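All remarks here apply to the structure that follows.
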Number of protein chains: 2
Amino acid sequence: MRPDDESEVVALPLFKDMKEEGVRLLLKGAYHQRFPSRIDLIQQGQPADFLYVVMEGQIEVFSSHRDRETTVSVLGPGDCFILAAVFLDQVYLKSARTLTSSRLLLLPAGAVREAMRIDPVFGHRMATELARGFRLLVKEVNNLKLRTSLERLANWILQQAPGSSPETSFIFPFDKKTLAARVGVTPEVLSRNFASLIPYGVTISGKSVIVKDRAVLEQFARPTPLIDDPTV
Amino acid sequence: MRPDDESEVVALPLFKDMKEEGVRLLLKGAYHQRFPSRIDLIQQGQPADFLYVVMEGQIEVFSSHRDRETTVSVLGPGDCFILAAVFLDQVYLKSARTLTSSRLLLLPAGAVREAMRIDPVFGHRMATELARGFRLLVKEVNNLKLRTSLERLANWILQQAPGSSPETSFIFPFDKKTLAARVGVTPEVLSRNFASLIPYGVTISGKSVIVKDRAVLEQFARPTPLIDDPTV
DNA sequence: TACTCGCCTTGATGTTTATCAAGTCTAAAG
DNA sequence: CTTTAGACTTGATAAACATCAAGGCGAGTA
């Protein structure tokens with residue numbers, strides 16, 4: 001790793017308050033690498049060799065079975081993925097690919113396990129990450145089992161819509177095809193769902209979304225912190 | 001806690017290899033209690049006061065939203081639940097009730113966090129539990145998004161069916177209503193799904209299930225370790 | 001300007017799942 | 001043995017979602 005890369009990496013919140021020894025251990029066999037857009041990073045079923053940390057770009061985490069495929073999550077800077085497989089030294093349950101050109105930090109799985117063992121700060125941080133990921137997944141299961149695809153979409157839009165004023169707007173952070181897989185429908189159904197949200201003041205044009213009145217959309221979407229608040 | 005209760009509790013795999021101090025800390029404010037069948041234990045949205053460990057009986061973990069409700073998992077002896085909420089000191093995302101008369105161990109949330117901090121063995125065990133729970137949930141999401149309800153049911157039956165001989169049978173471990181919520185369908189659809197599995201050699205009569213030929217059912221269900229093997 | 005390739009939309013149709021309304025069965029209580 | 005309440009099934013119908021097949025639309029290219 002180049003020296004200026006290393007200083008950026010060491011400054012990550014991930015490594016904050018760690019002892020020198022643990023950080024050195026982690027970075028010893030680490031890679032810091034750029035990847036082009038639309039590149040496969042890992043494949044489900046493979047042994048967990050590295051813990052991946054997103055420095056820059058967007059990563060799609062997905063699973064396939066038979067001829068079907070679905071997006072589990074879309075990650076951005078600061079997120080790490082497949083921690084559970086690394087910690088348990090088992091195979092990946094999910095695949096991952098870059099959605100955009102990305103920069104990633106790869107930490108060797110063995111070093112991660114060893115660092116968790118010798119550095120309580122890092123161990124605690126990884127446990128926190130696991131617990132947060134666990135809760136995110138519980139929310140995802142509830143989202144899938146307790147809502148229709150239209151409600152999921154409405155709540156996704158509310159999550160993206162910034163600010164607290166009645167009218168807000170934002171730009172799609174990725175393809176509609178990816179969003180469809182994320183919400184758990186086919187692209188065709190997503191398209192129709194957009195049309196169904198027009199009566200609630202949602203306008204889509206190209207890559208931008210306009211919400212006329214947050215409260216009106218909320219009345220349909222019925223968001224609840226127990227599913228939609230990522231900090232809870 | 002009564003002395004003979006305490007000796008049973010201390011012998012739990014959960015506490016194995018822990019230092020005296022950590023065990024004492026955990027058991028200081030702990031409760032060891034029997035609950036009748038069909039009793040609400042915790043409610044989603046409440047602060048996480050205790051970590052629950054199942055000693056005996058069956059616990060249904062479920063979530064509700066608006067007028068809908070769904071079963072997330074059904075737990076048995078040795079399982080613990082709502083660990084993530086306890087570790088992060090946040091509210092429960094799920095509710096839980098007894099399905100049968102049950103015996104539970106309740107460990108105070110603060111003591112659990114403190115024990116994780118001071119006892120590396122316990123900390124590691126809890127992290128392992130979190131990671132395993134995380135992977136179970138990933139499988140659950142894949143199961144929901146990549147399979148139809150009929151495929152989920154077929155795979156659930158294969159999971160329950162013991163042994164390796166072609167013909168096997170078992171008894172439903174809980175109500176069909178609960179199974180329906182677990183699989184993610186209404187009781188009516190579950191009933192119809194049973195009928196749809198007859199051509200694949202599945203016979204239901206009362207509380208017992210007979211699978212004529214494992215291989216035939218497998219050909220339809222297409223199980224994969226990445227979703228169906230709880231140890232992977 | 002025309003052209004072309006992806007992406008997205010729209011329409012027609014089929015499958016999967018939910019809902020409502022009877023019914024049947026079963027097991028426990030009288 | 002009858003009664004009865006709850007669990008389960010079955011039928012009819014509607015909603016949600018997927019699939020297949022065109023078509024539109026916009027960003028890049030010539």
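Side chains are part of it too, since the values below use all heavy atoms of this structure and drop only hydrogens, waters and symmetry mates. These numbers come from a predicted model, not from an experiment.
- Here the side chain of B:K207 is nearest to one of D:dC17, D:dC8, C:dC8, namely D:dC8.
- Between the side chain of A:R192 and the base of D:dT19, a donor-acceptor pair under 3.5 Å is found.
- As rounded to whole Å, 12 Å separates atom C1' of C:dA18 from atom CG of B:D67.
- Ion pairing of B:R97 with B:E60 is present here, as a side-chain N (NZ or NE/NH1/NH2) and a carboxylate O approach within less than 4.0 Å.
- Judged by atom type and distance alone, B:R68 does not reach the base of C:dT19 through any side-chain donor-acceptor pair under 3.5 Å.
- Whole-Å rounding puts the A:R152 CZ to D:dA16 P distance at 12 Å.
- When distances run from any side-chain atom of A:S191 to the nucleotides D:dC8, C:dT16, C:dT10, the shortest one goes to C:dT10.
- For A:Q46, the CD atom counts as densely surrounded, since its 6.0 Å shell holds more than 12 non-hydrogen atoms of other residues, nucleotides or ligands.
- Nucleotides of DNA chain D nearest to A:V185 and B:D175 differ in position, and the one nearer the 5' end is that of B:D175.
- Of the possible polar contacts, one joining the A:D228 side chain to the A:T224 backbone as a donor-acceptor pair under 3.5 Å is found.
- Between the CG atom of B:L144 and the P atom of C:dT17 there is a distance of 11 Å, rounded to whole Å.
- Between D:dT9, D:dA16, D:dA18, one nucleotide has an atom nearer to the side chain of A:V189 than all others, and that is D:dA18.
- With hydrogens and angles ignored, no donor-acceptor pair closer than 3.5 Å exists between the side chain of B:E188 and the base of D:dC8.
- Distance CZ (A:F172) to P (C:dC8): 9 Å, rounded to an integer number of Å.
- Atom CG in A:N193 sits roughly 9 Å away from atom C1' in D:dA16 (whole-Å rounding).
- Taking atom CG of residue B:L146 and atom P of nucleotide D:dA18, one finds them 12 Å apart after rounding to whole Å.
- For the pair B:F174 CZ and D:dA7 P, the interatomic distance rounds to 15 Å; values are reported in whole Å.
- For the pair A:K176 and C:dT9, the criterion of a side-chain N or O lying under 4.0 Å from OP1 or OP2 is met.
- The existence of a salt bridge linking B:R68 and A:E151 is confirmed by a sub-4.0 Å separation between a basic side-chain nitrogen and an acidic carboxylate oxygen.
- Ring centroid separation for the pair A:F62 and A:Y92 does not come in under the 6.0 Å cut-off.
- Nucleotide D:dT9 holds its P atom 11 Å from the CD1 atom of B:I198, rounded to whole Å.
- B:T186 comes within contact range of at least one nucleobase, with a heavy-atom separation under 4.0 Å.
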